[in-house]
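Below is one structure, written out as structure tokens, with a few remarks after it.
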Amino acid sequence: MTECHRLFGAELKAAIRDGLIAINAAAGVRLPKKRQQAGDRQTISREAFTEQPYPPIPRHRRLVALAGGTGLRWGECIGLRWESIDLSAGTLRVERVAIEVSGHVTSKHYPKSRAGRRVVPLPSMVSDPAEASSG
């Protein structure tokens, strides 16, 4: 519905510019918020995730396991530094993120919000070499 409204509004703007109409009837119209339906958001279970085949490129396996096992976002995963990982405690600290713009990756020394700075437990599929190399 939002896309239809945007396109209709753009057409009305063009009609005003061309002198065909005097006002844009779509301007200022507030659309109702889309209601989420049951099943709109689905969370994959850990069991279902671990049953999926790992990427064929071995160096990507731990990254996929890290993202799937911890729920980290892409920028948080690639923004990780070794000093943020504590294998003996089985945790990692999300302290920075990486941002990709036009093919260039830059590091940001802080996540988007305070809540983004957090300590996350490492699942065994990431910290256990035997589990991470299988699949």
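For clarity, every value in this text was computed on a predicted model and none was experimentally measured.
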Quick one: do Val97 and Trp82 end up in the same hydrophobic cluster if we chain Ile, Leu, Val, Met, Phe, Trp and Tyr together by side-chain heavy atoms under 4.5 Å apart? no
At what distance, to the nearest 0.5 angstrom, does CG of Leu31 lie from CZ of Arg6? 12.5 Å
Where is the tightest heavy-atom contact between Leu63 and Cys77, given as atom of each residue plus distance? CD1-CB, 3.6 Å
Under 4.5 Å between any side-chain heavy atoms of Thr70 and Pro123, yes or no? yes
Donor-acceptor contact present, side-chain Arg118 to main-chain Gly116, <3.5 Å: yes
More than 12 heavy atoms from other groups under 6.0 Å of NZ on Lys13: no
Arg96 and side chain to side chain contact (heavy atoms under 4.5 Å, CB included): which single residue from Arg81, Lys108, Glu76 fits? Arg81
Same apolar cluster (I L V M F W Y, side chains within < 4.5 Å links), Ile85/Val119: no
Donor-acceptor pair, distance only, cut-off 3.5 Å: does the side chain of Arg93 make one with the backbone of Asp86? no
Among the clusters formed by ILVMFWY side chains lying less than 4.5 Å apart, do Leu92 and Leu87 turn up in the same one? yes
If hydrophobic clusters are built from ILVMFWY residues whose side chains come within less than 4.5 Å, do Leu72 and Ile78 share one? no
On a heavy-atom basis, which atom in Ile16 and which in Asn24 lie closest, and how many Å separate them? CD1-N, 3.3 Å
I'd like to know whether CZ of Arg73 has more than 12 heavy-atom contacts from other residues, nucleotides or ligands below 6.0 angstrom. no
Is Ile21 reachable from Phe8 through a run of hydrophobic residues whose side-chain heavy atoms are each under 4.5 Å from the next? yes
Do the side chains of Leu80 and Leu66 get nearer than 4.5 Å, heavy atoms only? yes
I need the minimum non-hydrogen distance between Ile99 and Val101, along with the two atoms involved. CG2-CG2, 3.8 Å
